[in-house]
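Quick notes on the structure that follows.
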Amino acid sequence: SINPLLYETQFFGFTPQTCMLRIYIAFQDYLFEVMVAVEKVILKKASSLPGSTLSAVQIRGSTETFLRFMRERFNRLFVKMEQVLLQLVLNIPPNILLPEDRSHEKYPQGREDFHLLQQEVEQLRLRYKAELGAKHALLAELEVQKVTQARLKKTLHWFDGLGDAHGPLGLGEMMAFLIQHSGRLRSITQDVTQKSK
Amino acid sequence: HIPKVKLLDTVVDTFLQKLVSAGSYERFAKCYKRFYKLQPEMTRLIYDQFITQLQTSIREEVSTIKEEGNLEAVLNSLDKIVEEAEDRKEPAWRPSGIPEDDVRSTLIPYFLQQQSSLKRLVQEQERENVKLAEMVLEGRKQVLELQQQIQARKQAWQMLTQVPKTL
Amino acid sequence: FDEVIVDTATKRKQYPRKIAECVIKTMKAQHE
């Protein structure tokens, strides 16, 4: 089964296998290129030798023999190199958490915990709104109280303008005097009425 | 810990060494036997050139790949991450394959932060509201007192207005 | 297959942060 090396890919931004394939193809291309260059040089040299019977076909045959051997060794060595690189270089050890996943280390919460947390945040938000509402209501009442108190004080002040509850100075005494003597007046009135009958 | 960049270079060098020792001069001369018999020195020269060119090309390719993938910096940062996690042995979290599950943990710190700031705001507001409520109660008391005072005055005056009628 | 792996891994690397940014923005907007 293919191990897609997803976590490594998340870190490197490419799959390690692609990287190895890229290296393999590049190395192999160089082996071929250098072999072509070698064959060209030998061909050129051989053809410049006086009386040389070495043909291009023979040289090509030699090249293919050497290249076949080199490719076989190349592939074997490359498999080993690939294993080492995939295990030791292009590898995220199992105990490693990538920086972008750090939160999973601290908050391994499951689905339920998360929903509970979301609900609690929502309830807190509603409570906060309620408290804000209460605050506005209280401030509104304080505002109303201020106006009411001002009006009541104004009324009281108006009363004060009339003097104290017994009216302007002396009115109280006069009233008391009147009250006191109104009784006398009433009895005199009654006497007079009596006598006139 | 051998730095991964050094490991990469070492592994490639080992690969090259083994490739070169596999493709030895003897093997090369044996394959190009006819030419070797005609020109042994030239054969040696060509072989040496072949090996040098192959090694140079492969090393240059590795440098190119390092540059393309910014591999040195990336591998060095990986070394650092590995070093920091030295004390943790148990296997670390890995993506579950269910994105909504995985993203949840990413969001938790923000919800926790939201939760604590809302808690603080609610407490502050509650404290403030307690004070405001006391002020409102005090205010209501004062309004009541003022009303009572006015009531008393009113009655006193009403009493007073009775007197002339009585008279 | 390789592209799918790279695409998935890239999303796993980038999207949590992007989603978190959106969530933070939403929270801020709700708060305001």
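It should be emphasised that the depicted structure is a prediction, and the values quoted were computed from it without experimental measurement. Just so we're on the same page: letters track the sequence lines, and every chain starts at 1.
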So how far is it from [X] [atom1] to [Y] [atom2], rounded to the nearest 0.5 Å?
| X | Y | atom1 | atom2 | answer |
| --- | --- | --- | --- | --- |
| A:Thr18 | C:Ile5 | OG1 | CD1 | 7.5 Å |
| C:Gln14 | A:Glu100 | CD | CD | 9.5 Å |
| C:Asp2 | A:Leu5 | CG | CG | 10.5 Å |

Side-chain contact, heavy-atom cut-off 4.5 Å: A:Val121 with C:Met27? no
Exercise: identify the closest heavy-atom pair between A:Gln10 and C:Lys13: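 That closest heavy-atom pairing would be O-NZ, 3.2 Å.
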Specify the closest pair of heavy atoms between A:Gly13 and C:Val6, including all atoms of both residues, with the distance to one decimal. O-CG1, 3.9 Å
For the CZ atom on A:Arg127, are there more than 12 heavy atoms of other groups (residues, nucleotides or ligands in this structure) within a distance under 6.0 Å?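 No, the 6.0 Å shell around CZ holds no more than 12 heavy atoms from other groups.
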C:Tyr15 OH: over 12 foreign heavy atoms closer than 6.0 Å: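 Atom OH in C:Tyr15 is not crowded, with 12 or fewer foreign heavy atoms closer than 6.0 Å.
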Which atoms of C:Arg17 are under 4.5 Å from chain A, going by heavy atoms: the side chain, the backbone, both sets, or neither?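 Interface part for C:Arg17: neither.
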Under 4.5 Å from a heavy atom of chain C, the part of A:Tyr128 involved: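 For A:Tyr128, the contact with chain C is made by the side chain alone.
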